[in-house]
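Below is one structure; the comments refer to it alone.
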Amino acid sequence: MRATRRTWWRTGLGVVFTALMLFPVYWMINVSFTRDQDMRKSPPYWFPVHGTLEGYRAVLEQQGPYLATSLVVGLGTVALTLVIAAPAAYSLAKLRPRGGGVLSFVLLIAQMIPGVIMAMGFYAIYLSTGVLNTVPGLIVADSTLAVPFAVLIFTAFMSGIPEELMQAARVDGAGAVRTFWSVVLPVSRNSVITVSLFAFLWAWSDFVFASTLDQGGGHQPITLGIYHYIGNNNQQWNAIMATAVVASIPATVLLVIAQRYVAAGVTAGAVKD
């Protein structure tokens with residue numbers, strides 16, 4: 001009986017904390033359906049009593065190009081991150097080059113550099129090279145945040161790959177590149193999905209690089225699309241929240257789909273006992 005009561009107490013506490021954490025999400029959805037004249041009502045409507053779809057109409061009419069740009073930047077960041085990070089991590093984990101420990105430490109330190117400082121550096125470089133206000137420039141900038149993290153994640157996963165697999169590949173005549181492509185990458189599927197997910201989410205939600213490096217470009221991400229609704233004397237809050245809701249859908253879907261791969265062990269099923 002005590003165990004049952006303790007379980008219900010923990011469950012109830014978990015429900016309360018979950019509701020508190022999800023309340024901002026609910027309020028975002030509520031405001032996205034609220035009319036402009038009801039925004040400053042006191043007390044506010046806890047539900048969209050006089051709901052409107054004006055915010056979502058604005059999203060469909062105006063935010064399509066911004067969403068498309070964010071999708072391109074996100075996918076480009078994922079591709080560039082995987083191309084750089086996976087071979088680098090394979091080298092650190094299995095080939096063990098000289099200075100590998102120092103490089104891992106440098107990658108760890110690189111994650112501590114504030115994004116604002118990096119944005120200023122990129123701005124000076126892009127201004128002189130003509131890459132400012134371009135989609136490739138944003139992809140490269142966002143990748144600098146994802147690559148150090150990705151290398152560390154890949155290295156941790158690939159270090160756990162059994163040496164029997166590597167030796168079997170060598171016996172079959174596979175070189176380092178063939179072993180990486182045919183053995184290490186397939187076994188590291190879960191780490192690839194994990195890195196891809198975080199790289200995409202970082203690029204999708206980035207504002208610092210977007211506002212610094214692409215504020216005057218013709219192709220801007222959704223974070224700047226939302227920002228355009230905020231003026232000096234007028235804020236279109238229902239359009240802002242509707243855009244935020246729509247922009248949250250891809251990230252939510254990806255998190256739901258990929259969560260089991262993120263949680264799974266990278267070597268599960270690689271070697272039979």
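Considering only heavy atoms from C-beta on, H219 stays 4.5 Å or farther from N133 through its side chain. Considering only heavy atoms from C-beta on, N238 stays 4.5 Å or farther from Y56 through its side chain. L82 is listed as a side-chain neighbour of V195, based on a closest heavy-atom distance under 4.5 Å. Within the 4.5 Å cutoff, the side chain of L224 has heavy atoms near those of the P221 side chain. Within the 4.5 Å cutoff, the side chain of T155 has no heavy atoms near those of the L107 side chain.
The side-chain hydrogen bond (donor to acceptor under 3.5 Å, both in side chains) test applied to Q167 returns no partner, not counting sequence neighbours. Partners of W202 by ring pair (Phe, Tyr, Trp, His ring centres under 6.0 Å), not counting sequence neighbours, listed by chain and number: F149.
Of the possible polar contacts, none joining the K94 side chain to the A89 backbone as a donor-acceptor pair under 3.5 Å is found. A donor-acceptor contact shorter than 3.5 Å is absent between the side chain of S159 and the backbone of A156. Side-chain atoms of S32 come within 3.5 Å of backbone N or O of I29 as a donor-acceptor pair. Side chain of S91 to backbone of A88: no donor-acceptor contact under 3.5 angstrom is found.
Taking each heavy atom of M158 and S188 in turn, the nearest pair found is CG-OG, 3.8 Å. Closest non-hydrogen pair, Q111 versus P148, comes out as CG-CB, 3.8 Å. Nearest approach of A210 to T223, heavy atoms of both residues: CB-OG1, 4.0 Å. Among all heavy-atom pairs drawn from F209 and G115, the shortest one is CE2-O, 3.7 Å. Heavy atoms only, all atoms of each residue included: I226 and I240 are closest at CG2-CG2, 3.7 Å. For V147 against I84, the heavy-atom pair with the smallest separation is CG1-CG2, 4.0 Å.
Residue L138 holds its CG atom at 7.0 Å from CG of D206, rounded to the nearest 0.5 Å. The CG atom of L60 sits 9.5 Å away from the CG atom of L53 when rounded to the nearest 0.5 Å. I139 contributes atom CD1, which lies 12.5 Å from atom OG1 of T144 (distance to the nearest 0.5 angstrom).
Using a 4.5 Å cut-off between side-chain heavy atoms of Ile, Leu, Val, Met, Phe, Trp and Tyr, with links allowed through other members, V31 and Y26 fall into the same hydrophobic cluster. Note on F200 and F198: same hydrophobic cluster, where clusters join Ile, Leu, Val, Met, Phe, Trp and Tyr whose side-chain heavy atoms are under 4.5 Å apart, directly or indirectly. By the rule that hydrophobic residues join a cluster once side-chain heavy atoms approach within less than 4.5 Å of another member, V131 and L127 end up as members of one cluster. No single ILVMFWY cluster, assembled from side-chain heavy atoms under 4.5 Å apart, contains both L92 and V83. Note: the hydrophobic cluster containing L95 also contains F154 (ILVMFWY, side chain heavy atoms under 4.5 Å, direct or indirect links).
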Item to check | Test log, rule salt bridge (charged side-chain N to carboxylate O under 4.0 Å, His left out), inputs E54 and R35 | outcome: CA-CA 8 Å; E54 288 299 323; R35 300 180 302 178; over 6 Å; no

Next on the checklist: One pair to check against side-chain contact (heavy atoms from CB on, under 4.5 Å): V192 and F157. What are the steps and the verdict?
Outcome noted: CA-CA 10 Å; V192 170; F157 276 115; over 6 Å; no

Next on the checklist: Please evaluate residues L255 and L201 with respect to the criterion side-chain contact (heavy atoms from CB on, under 4.5 Å), reporting the C-alpha separation (whole Å), side-chain torsions for both, the decisive distance (0.1 Å), and the verdict.
Outcome noted: CA-CA 9 Å; L255 285 171; L201 292 179; 3.9 Å; yes

Please report, to 0.1 Å, the donor-acceptor pairs under 3.5 Å made by any side chain of residues 241-250, with sequence neighbours excluded.
unit_1 : atom_1 : unit_2 : atom_2 : d
T243   : OG1    : A239   : O      : 2.7
S248   : OG     : A244   : O      : 2.6

Using atom types as modelled, flag every donor-acceptor pair under 3.5 Å from a side chain in residues 119-126 to any protein atom, sequence neighbours excluded.
unit_1 : atom_1 : unit_2 : atom_2 : d
Y126   : OH     : G137   : O      : 2.7

Taking only distance into account, with no hydrogens and no angle test, what donor-acceptor pairs under 3.5 Å do side-chain atoms of residues 63-80 form with protein atoms, sequence neighbours excluded?
unit_1 : atom_1 : unit_2 : atom_2 : d
Q63    : NE2    : G225   : O      : 3.3
Q63    : NE2    : Y229   : OH     : 3.1
Y66    : OH     : H228   : ND1    : 3.1
T69    : OG1    : P65    : O      : 3.0
S70    : OG     : Y66    : O      : 3.4
S70    : OG     : I222   : N      : 2.7
T77    : OG1    : V73    : O      : 2.7

Donor-acceptor contacts under 3.5 Å from residues 171-183 side chains, at least two apart:
unit_1 : atom_1 : unit_2 : atom_2 : d
R178   : NE     : S182   : OG     : 2.8
T179   : OG1    : G175   : O      : 2.7
S182   : OG     : R178   : O      : 3.4

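The ring-ring contact (aromatic ring centres under 6.0 Å, His included) test with W27 singles out one residue from F33, W46, W237, and that residue is W46.
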